[in-house]
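Structure record follows, encoded as structure tokens.
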Amino acid sequence: MVTSHLFTGFTQDSPLPLDSGASLYPVAISYETFGTLSATKDNVILICHALTGNSHVSGSPELPGWWDHLVGPKKAIDTNRFFVICSNVIGGCSGSTGPSSINPATGVPYGIQFPVITIGDMVRAQHALLTALEIPSLHAVIGGSMGGMQALEWAAMYPTYVKSVVAIACTARLSPQALAFDSVGRHAILSDPNWNNGFYYGLDIQPNRGLAIARMIGHITYLSEESMRLKFGRNLQQRSDYGYDFSTEFQVESYLQYQGDKFVNRFDANSYLYLTKAVNYFDLHKKYGSLDIAFQESQAHFLIISISSDWLYPPHQSKELVSTLMKLNKWVSYANLESPYGHDAFLIQNDQLSELSGSFV
Amino acid sequence: MSLDTAMFDRLLQHIPQGARVLDLGCGNGDALLMLQEKKQVLGYGIDIELPNIQACIKRGLPVYHGDIDEGLQELGSNRFDYALLSQTLQQVRNPKRVLSEMLRVAQYGLITFPNFAHWKNRLHLITGITPVTPALPYQWYNTPNIRVITISDFIKMCQEEQIEATILRENGHFTPLKWTDNLLSEYGFFRISRKGQPL
């Protein structure tokens, strides 16, 4: 049983407080639920999506979910057993309040008047949703990449609410290298003349070029040298030899261009700015003073999973998390999955990932 | 008596109720699970093989996927009462470091390894053949064992490293080394601790 919903909360008198000091109202959260809530409400799993994901974590052949191989009836995260909730993050563009939503103060879309949000703000909004749904505790919170950051933030912000955490291909803070790639992606959008200072909603011309380039850069960071070599080699797309011009020739170029062009049809450029910023600001060391302090109150069991070929959020960053949790005497397990697919491996069918997370929850 | 049974017997005899136990190279978690059920220990496993990690998680045991040869820096000092190292010492690249790490994170180490000086191995060598026995079941070309250890060698190294090493007997007692141990024991079973610590 899959159902889509829209939650709306927070008012001018009681807005959602944000880490930046600003606040937000009203806040709509688009979410889907899968399975049935038990009588004792003890079978709830929250799944947090990554940067450009949405609430459709599990679907049907007609409308596939982004984690179909992991979440669904009789899957590792079995929706016959668990009541799975997945919500679109605030700041996004798949149903929840974000820069493309109407600003109640002006009556037009926020654009870049939307306040900068953080991973903590996303989690605070999710907590409001679960409170409204009268969910007393979470059996588990699971996420990969930015979803993993939310899972970690859940454990830090609501230490007794979360019983277990699965954080996959994740980090407690980005490396400068990862910050750099995101920065270039934002520059691509900001320097697209059609971005128009963020006020392009309703116009004929959209900042598609900038957004597509940002996606192409992002995509490079999600793959690995090995996966690109195996998938594309130096093959040419349509020619048998070089054309000695500047058209798209290599298969890898063509693939990235396709990914970029496809992306602009489903994603909002401003949301991309806001969400990468949220990921960039994510730093549990800074927010709490230290990782130890962030997790010291947490009652959760943790499963931390890294991907061997993930150079965006490399395994050593997961190990640092595990090390901290171990020092705090938390119940923590760690696995480093061997995969050539880079950061993206967490979204690709992977029996090891399914078995680990399935048996953990 | 198989090694596993012998090892489990000794573990049950020596590990106190509720102890904090680290199992280095924990495999599928058999030993930890047994200790958890019979001695209510707080167990933690480390293993390098992902299928073993999966098996442990399935059994509800917390585990770390890593290489003990790279050190145990993820673990704080004195986190455990006992660190177990069963049938692994002969496979590590840096045994001294592994032993010293064990005694950093735990008060005691419990160690087993195949004793290369066992009389059967000596007979093999006299005939000019690399020993292949139940304790050393490999051919020279496919053995994971990269070190040849004898009980006497082990004791000697422990003395050099200021490590107290006591043999674990089947009767549950710790007793000093006898000259026959190196000849008659197929395995070395030891408890180690830092010298100067109460035993």
Side-chain angles (χ1 to χ4, degrees), chain A residues 76-78 140 142 163-169 172 290-292 295-296 298-310 314-339 345 350-361, chain B residues 18-33 35-37 40-84 101-102 104-107:
Chain A
I77 310 300
D78 186 353
I142 304 173
K163 305 283 179 267
S164 54
V165 169
V166 183
I168 307 160
S290 74
L291 265 190
D292 293 51
F295 293 117
Q296 65 187 5
S298 171
Q299 306 284 306
H301 286 199
F302 292 82
L303 173 61
I304 310 291
I305 300 175
S306 59
I307 313 284
S308 60
S309 55
D310 183 353
H316 71 81
Q317 294 186 327
S318 287
K319 286 185 187 174
E320 186 193 8
L321 261 171
V322 175
S323 172
T324 300
L325 292 166
M326 279 186 178
K327 278 182 200 133
L328 293 168
N329 277 325
K330 304 296 174 191
W331 198 108
V332 54
S333 283
Y334 167 68
N336 182 33
L337 298 186
E338 276 301 326
S339 166
N350 182 320
D351 293 343
Q352 296 167 339
L353 180 62
S354 301
E355 198 179 323
L356 280 170
S357 37
S359 48
F360 179 74
V361 300
Chain B
R20 298 165 302 167
V21 177
L22 172 69
D23 192 353
L24 300 167
C26 61
N28 64 7
D30 277 346
L32 281 177
L33 201 67
L35 288 169
Q36 198 168 285
E37 278 165 9
Q40 288 74 49
V41 302
L42 295 170
Y44 199 87
I46 297 187
D47 207 276
I48 197 168
E49 300 291 343
L50 189 64
N52 286 334
I53 299 296
Q54 285 171 325
C56 288
I57 289 179
K58 202 168 238 170
R59 299 167 109 177
L61 297 166
V63 277
Y64 182 84
H65 186 198
D67 183 356
I68 57 175
D69 241 332
E70 287 172 8
L72 308 174
Q73 56 266 30
E74 273 74 24
L75 299 173
S77 299
N78 301 313
R79 272 286 311 279
F80 298 94
D81 301 310
Y82 289 85
L84 315 181
E101 278 289 86
M102 281 173 82
R104 179 181 65 79
V105 301
Q107 191 179 5

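The chains referred to below are lettered A, B, ... by the order of the sequence lines, with proteins before strands, and numbering in each begins at 1.
Looking at B/I46, neither its backbone nor its side chain comes within 4.5 Å of chain A, counting heavy atoms on both sides. In this structure, the portion of A/V322 lying under 4.5 Å from any heavy atom of chain B is its side chain and not its backbone. Neither the backbone nor the side chain of A/L325 comes within less than 4.5 Å of any heavy atom in chain B. Contacts between B/I57 and chain A at a heavy-atom distance below 4.5 Å involve backbone atoms as well as side-chain atoms.
Side-chain N or O atoms of A/S164 include none that pairs as donor or acceptor with a backbone N or O of A/A300 at under 3.5 Å. For A/S323 (side chain) and A/K319 (main-chain N/O), no donor-acceptor pair under 3.5 Å exists by modelled atom type. The backbone N or O of B/I48 sits nowhere less than 3.5 Å from a side-chain atom of B/D67 that would complete a donor-acceptor pair.
Between A/F302 and A/F295, the angle of the ring planes goes over 60°, which puts this pair in the perpendicular group of the 30/60° scheme.
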